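Working notes, beginning with the structure itself.
These numbers were taken from a predicted model, which means no experiment stands behind them. When reading the values below, keep in mind they use all heavy atoms of this one structure, side chains included, and skip hydrogens, waters and symmetry mates.
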Amino acid sequence: MQNINFDDGIKTYMLNNDESTVIRVNTSDYGIVDRFDKVKQELEKLADKADALQSLGNADESEMKKLDSIIREKVNYIFGSDVSTPAFGCAYCFSPSNGMPVFANFVNAIMPVIEKEMKLETEKMQLNISKYTNQLAKITGE
């Protein structure tokens, strides 16, 4: 079988300085921002629901697992890959950490990285496109 190699924009990131905990994300995928915007309010509602369950003090474990699974699914949807398993391990992803759910801390940490990489990649692409459009203008005399 033959192989085709190309740059697909996927980058690997180590989490919390732990070389054994890595995620792979296509940082040039414009869809990440769209998918995040699509599920942001839903994630906020799920976090509120988790907070309410935990504050009751007698939260049903099956309900907590179900909620955890839904949030992980939404986070994975945003990034187009399983980032939840390495990021949260076996802990509930809505567990509090520094006043926020862990999944919110993760999203808040990675989104600026995504935005920066997306900007850089877009600038590179615009340079390449202008190089070819300039050549085309020379050929056609426009």
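For Phe106, the ring-ring contact (aromatic ring centres under 6.0 Å, His included) partners two or more places apart in sequence, or in a different chain, are Phe79, Phe88. Partners of Phe103 by ring-ring contact (aromatic ring centres under 6.0 Å, His included), not counting sequence neighbours: none found.
Checked for salt-bridge contact, Glu121 and Lys124 meet the test: a charged N lies under 4.0 Å from a carboxylate O. Residues Lys66 and Glu61 are not paired through a salt bridge, judged by the lack of any N-O separation under 4.0 Å between the basic side chain and the carboxylate. A salt bridge does not link Lys119 with Glu115: every distance from a Lys NZ or Arg NE/NH1/NH2 to an Asp or Glu carboxylate oxygen is 4.0 Å or more.
Residue Glu123 qualifies as enclosed at atom CD: its count of foreign heavy atoms under 6.0 Å is above 12.
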* Asked: When you look at Asn16 and Thr21, which way does the side-chain contact (heavy atoms from CB on, under 4.5 Å) test go after all the steps?
  -> CA-CA 8 Å; Asn16 295 325; Thr21 307; over 6 Å; no

* **Full working for salt bridge (Lys or Arg N to Asp or Glu O under 4.0 Å) between Lys49 and Glu44** => CA-CA 9 Å; Lys49 184 175 180 179; Glu44 290 170 357; over 6 Å; no

* Show the numbers, then the answer: is there a side-chain contact (heavy atoms from CB on, under 4.5 Å) between Ile110 and Val83? => CA-CA 11 Å; Ile110 194 169; Val83 296; 5.9 Å; no

* Worked check of side-chain contact (heavy atoms from CB on, under 4.5 Å) between Phe36 and Val107 -> CA-CA 9 Å; Phe36 176 68; Val107 171; 3.4 Å; yes

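Across Asp68 and Ala91, no two heavy atoms sit closer than the pair OD1-O, 4.0 Å. The heavy-atom pair separating Cys90 from Arg72 by the smallest distance is C-NH2, 4.1 Å. Smallest separation of non-hydrogen atoms from Pro86 and Ile23: CG-CG2, 3.5 Å. Residue Ser97 comes nearest to Val102 through the heavy atom pair CB-CG2, 3.8 Å, listed as atom of the first residue, atom of the second, then distance. Taking all atoms of both residues into account, the shortest heavy-atom contact from Lys38 to Tyr77 is CD-OH, 3.4 Å. Nearest approach of Pro112 to Ala109, heavy atoms of both residues: CD-O, 3.6 Å.
At a threshold of 4.5 Å between side-chain heavy atoms, the hydrophobic network of Ile, Leu, Val, Met, Phe, Trp and Tyr places Leu120 and Ile114 in two separate groups. Both Val33 and Val25 belong to a single network of hydrophobic side chains, linked directly or stepwise wherever heavy atoms of I, L, V, M, F, W or Y lie under 4.5 Å apart. Clustering ILVMFWY residues whenever any of their side-chain heavy atoms sit less than 4.5 angstrom apart, transitively, puts Met111 in the very cluster that holds Val39. Both Ile32 and Tyr30 belong to a common hydrophobic cluster when Ile, Leu, Val, Met, Phe, Trp and Tyr are linked at side-chain heavy-atom distances under 4.5 angstrom.
The main-chain N or O of Met118 is found under 3.5 Å from a side-chain atom of Thr122 such that the two form a donor-acceptor pair. The backbone N or O of Ser20 lies less than 3.5 Å from a partner atom in the side chain of Asp18, making a donor-acceptor pair. Remark: side-chain polar atoms of Thr85 are not paired, donor with acceptor, to backbone N or O of Asp82 under 3.5 angstrom. For the pair Asn76 (side chain) and Ile78 (backbone), a donor-acceptor distance under 3.5 Å is absent. Side chain of Arg24 to backbone of Thr12: no donor-acceptor contact under 3.5 angstrom is found.
Cys93 contributes atom SG, which lies 10.5 Å from atom CD1 of Ile70 (distance to the nearest 0.5 angstrom). In this structure, Asp48 CG and Leu53 CG are separated by 11.0 Å, a value rounded to the nearest 0.5 Å. How far CG of Asn5 is from CG of Asp7: 10.5 Å, rounded to the nearest 0.5 Å. Rounding to the nearest 0.5 Å places OG of Ser95 at 7.5 Å from CE of Met64.
Side-chain contact of Asn26 with Ser28: a donor-acceptor pair under 3.5 Å is present, judged by distance alone.
Considering only heavy atoms from C-beta on, Val113 stays 4.5 Å or farther from Lys11 through its side chain.
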